[in-house]
Amino acid sequence: MKAISACLCGVCCSYNGKSHEKHKFKEMVENNEAIMICPEVLGGLNVPRTPAERINNRILTELGEDVTDAYLKGAQKAVELCKKYQVTEVILKAKSPSCGVNKIYDGTFSHTVIEGHGVTAELLLKEGFTVISDEDYLQEDIV
């Protein structure tokens, strides 16, 4: 079983109220090969919401509000769901302060990408899950 960021499966839960739907991921859920998770919504954040980026160990909105606690709460709930459904691989939305794998936005809200993980990706990796970004997963699928 896989877990996939809900926004990749057509759920309009991204910060701007849109999705980042990729047909392949939506199809996996429809075929019961994957569950959907949105750590940000699981953590109690609204849709839409002010953009946020990770700065060291904090998540701050573009307006300077510290939303770290909601992100950490959502990350923990995502881990619990992955354990409950015996997930073996997690596919997360690239560059997100929650779901980013290996690369995230740098906290300046300038679309600059740096090395690092979102808080959910980081916790899932710490818990021993295989985690990959949607971009890397789709790139591997082409090969």
Side-chain angles (χ1 to χ4, degrees), residues 1-29 33-143:
M1 180 66 69
K2 296 181 189 327
I4 305 172
S5 292
C7 64
L8 297 171
C9 302
V11 177
C12 296
C13 56
S14 185
Y15 77 92
N16 59 7
K18 297 180 180 177
S19 79
H20 300 281
E21 183 179 328
K22 303 280 191 275
H23 179 72
K24 180 172 189 71
F25 299 133
K26 186 174 182 178
E27 194 172 72
M28 289 171 144
V29 171
E33 298 167 9
I35 62 166
M36 296 183 291
I37 56 172
C38 179
E40 294 171 23
V41 171
L42 288 169
L45 296 170
N46 294 326
V47 180
R49 57 190 167 274
T50 306
E53 293 187 4
R54 186 171 186 178
I55 304 169
N56 299 314
N57 290 324
R58 308 305 299 167
I59 309 291
L60 302 176
T61 70
E62 197 170 32
L63 302 174
E65 178 187 4
D66 187 329
V67 290
T68 305
D69 289 345
Y71 276 76
L72 293 174
K73 179 180 174 184
Q76 186 59 50
K77 287 186 175 186
V79 167
E80 290 168 10
L81 283 170
C82 288
K83 288 179 178 179
K84 177 181 178 179
Y85 288 96
Q86 300 176 340
V87 166
T88 56
E89 183 177 43
V90 186
I91 304 165
L92 298 173
K93 177 69 182 98
K95 304 173 195 140
S96 156
S98 183
C99 295
V101 182
N102 299 324
K103 296 177 183 175
I104 56 172
Y105 291 114
D106 72 349
T108 64
F109 298 93
S110 63
H111 300 288
T112 303
V113 177
I114 60 171
E115 288 187 21
H117 299 301
V119 295
T120 299
E122 189 172 80
L123 186 57
L124 285 163
L125 287 164
K126 206 176 280 187
E127 291 284 335
F129 289 93
T130 299
V131 182
I132 188 169
S133 77
D134 60 312
E135 293 173 351
D136 289 342
Y137 187 90
L138 292 172
Q139 187 66 30
E140 286 180 7
D141 197 45
I142 294 170
V143 177

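Under the 4.5 Å side-chain criterion, counting only non-hydrogen atoms from C-beta, Y137 is in contact with K24. A 4.5 Å side-chain heavy-atom check between C82 and L124 finds at least one atom pair inside the cut-off. Counting heavy atoms from C-beta outward, K83 and F129 have side chains that approach closer than 4.5 Å. With a 4.5 Å cut-off on side-chain heavy atoms, I35 and M1 count as touching.
Side chains of T112 and S110: a donor-acceptor N/O pair is present below 3.5 angstrom, by distance only.
A distance of 10.0 Å separates CD1 of I132 from CD of Q139, quoted to the nearest 0.5 Å. Here the SG atom belonging to C99 is positioned 12.0 Å from the CD1 atom belonging to I104, to the nearest 0.5 angstrom. Taken to the nearest 0.5 Å, the CD1 atom of I4 stands 13.5 Å off from the SG atom of C38.
In this pair, H111 and Y105 present their aromatic rings perpendicular. The plane angle is above 60°, beyond the 30 to 60° band.
Salt bridge annotation for R49-E62: absent, with no cationic side-chain nitrogen under 4.0 angstrom from a carboxylate oxygen. Taking 4.0 Å as the cut-off between side-chain N and carboxylate O, E135 and K103 do not count as a salt-bridged pair.
Side-chain N or O atoms of T61 include one that pairs as donor or acceptor with a backbone N or O of L63 at under 3.5 Å. Without hydrogens or angle criteria, N16 side chain to K18 main chain gives a donor-acceptor distance under 3.5 Å.
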Could you walk me through whether M28 and K2 satisfy the side chain to side chain contact (heavy atoms under 4.5 Å, CB included) test, starting with their C-alpha distance in whole Å, then the side-chain angles of each, then the deciding distance to 0.1 Å, before giving a yes or no?
CA-CA 9 Å; M28 289 171 144; K2 296 181 189 327; 3.7 Å; yes
